[in-house]
Amino acid sequence: MRNHHRTILRTLVALAAVGALLASSLVSTSSGDLQSQIAAGRAAASALKSQIAAETTAIDQTAGGLAAARTRLSQVQSTLDARVAQLRGVQSSLVEARNHLMTLENRLRQATTALSSNLVAEYEGGQPNLMTVILQSHGFSDLLNQINFLSRIGHQDADIVGSTRVARLQVLAEAQHLSVLENRDHDLTNQVLTQRNQVAALQAALLQREIAQTGTRSGMQGKLGALNSQLGKLEAKAAAQARAAAIAAARANGANADGSSPAGLAVDSGGMVQPPAGAPAAVREVIAGGNAIATLPYIWGGGHGSFQAPGYDCSGSVSYALAAAGLLSSPLDSTGFESYGDPGPGRWITIYANADHAWMVVAGWRFDTVALAETGTRWAQGGGEFAGMVVRHPPGL
């Protein structure tokens, strides 16, 4: 984590340095200073890209933990549902037990009342003893009846006493059972709520972390976009300086009054360009391709559906010329040229592109539909749009 923070700090320092150089009015326009600024900007961009990749990895890890937490929460929720079903069963048992307890209490009350009634009746009426029954009996049959009656009365009282004792024991047992059920109800509820709260808290924490990490990455991506835009401006400025230096060197070596090279770089009467001596075959073929459409009209979207068209727009023109040398297999729009080939100006061919326009310099000549509108041919010397353009070149050229 400490290395992670150090990387962020280094990246921000590099960004601040580049931003300060661009904003300052004291920035030197020399080629060496521009190249230093470009190198610093590229280093900062590389650091930002690495940091964005690290943040993406961290987000993926957090997302994995969040998914695991959600899975765990789902499992706990399933357990909670099962516990809720158990609790409902406990509640049903509690209701049944209370009903049973009420029935037993009623039985106990009835037994007690019956026993009390018998005792009062015996006291008030007087319970005859066996001797009285024998003396007062009228014959043997009446004696047996009296004895049986006394026996039934005795059994009835014994049954009442026994029922009362049993009912009291059952009431005590049911009360204890109710206590166990209530304790179980309480424990189950606490367990389920504790687990659910813990997992929900974990999920919330992971979600907050994911939001924070995504915000950090978005901020870095915004800074990277701004840095790339600044780099494009620096590279365009460096390319303009390189082109100016090349023209100055050509003039110093005896160039023509219009700035063209005596080595053969000249526009003929048809608006065509001749390749310079020593130019690579690919450069010659690009020039030949450019010559083929140099004076054809500008048509928006021309050259994108097919290389063969009655007219070409800016990126369609550049695509046609590059394809003539096998440097492009299918047409690109101006945005596509922002990532074509390699970054920075090339030795023979340099492409300038942004979302709205694309043009290129080939062996010192500008190939641009803006030049077509100005002079009637896409080839021109000097000029061109540099501000806000991304600078690219074909590999090796």
Visitor: Within a strict 4.5 Å, meaning less than it, do heavy atoms of the M220 and E55 side chains meet?
Guide: yes
Visitor: If the condition is side chain to side chain donor-acceptor pair (under 3.5 Å), which residues does N291 pass it with, not counting sequence neighbours?
Guide: W379
Visitor: For atom CZ of R209, is the number of surrounding heavy atoms from other residues, nucleotides or ligands below 6.0 Å larger than 12?
Guide: no
Visitor: Should V318 and L296 be counted in the same cluster of Ile, Leu, Val, Met, Phe, Trp and Tyr side chains packed under 4.5 Å apart?
Guide: yes
Visitor: Consider ring pair (Phe, Tyr, Trp, His ring centres under 6.0 Å). Of Y312, F386, W365, which one does W359 pass it with?
Guide: F386
Visitor: Distance-only, no hydrogens or angles: does the H393 side chain make a donor-acceptor pair with backbone N or O of G344 under 3.5 Å?
Guide: yes
Visitor: Quick one: does any side-chain atom of D368 pair with a main-chain N or O of A371 as donor and acceptor, under 3.5 Å?
Guide: no
Visitor: Would you mind reporting whether M272 and T377 have side-chain heavy atoms less than 4.5 Å apart?
Guide: no
Visitor: Answer whether the closest heavy-atom distance between the side chains of L332 and S315 falls below 4.5 Å.
Guide: no
Visitor: Can any side-chain N or O of R366 pair as donor or acceptor with the backbone N or O of M360 at less than 3.5 Å?
Guide: no
Visitor: Taking F307 as the starting point, is it possible to reach F337 by hopping between hydrophobic residues whose side chains are less than 4.5 Å apart?
Guide: yes
Visitor: Where the side chain of R378 meets the backbone of F367, is there a donor-acceptor pair that is under 3.5 Å apart?
Guide: no
Visitor: What residue among L397, V362, L327 forms side chain to side chain contact (heavy atoms under 4.5 Å, CB included) with L322?
Guide: L327
Visitor: Grab the two heavy atoms, one from G301 and one from D313, that are nearest each other, plus how far apart they are.
Guide: N-OD2, 3.0 Å
Visitor: Would you call I287 and P276 a side-chain contact if the rule is heavy atoms closer than 4.5 Å?
Guide: yes
Visitor: Got a donor-acceptor contact below 3.5 angstrom from the S334 side chain to the A358 backbone?
Guide: no
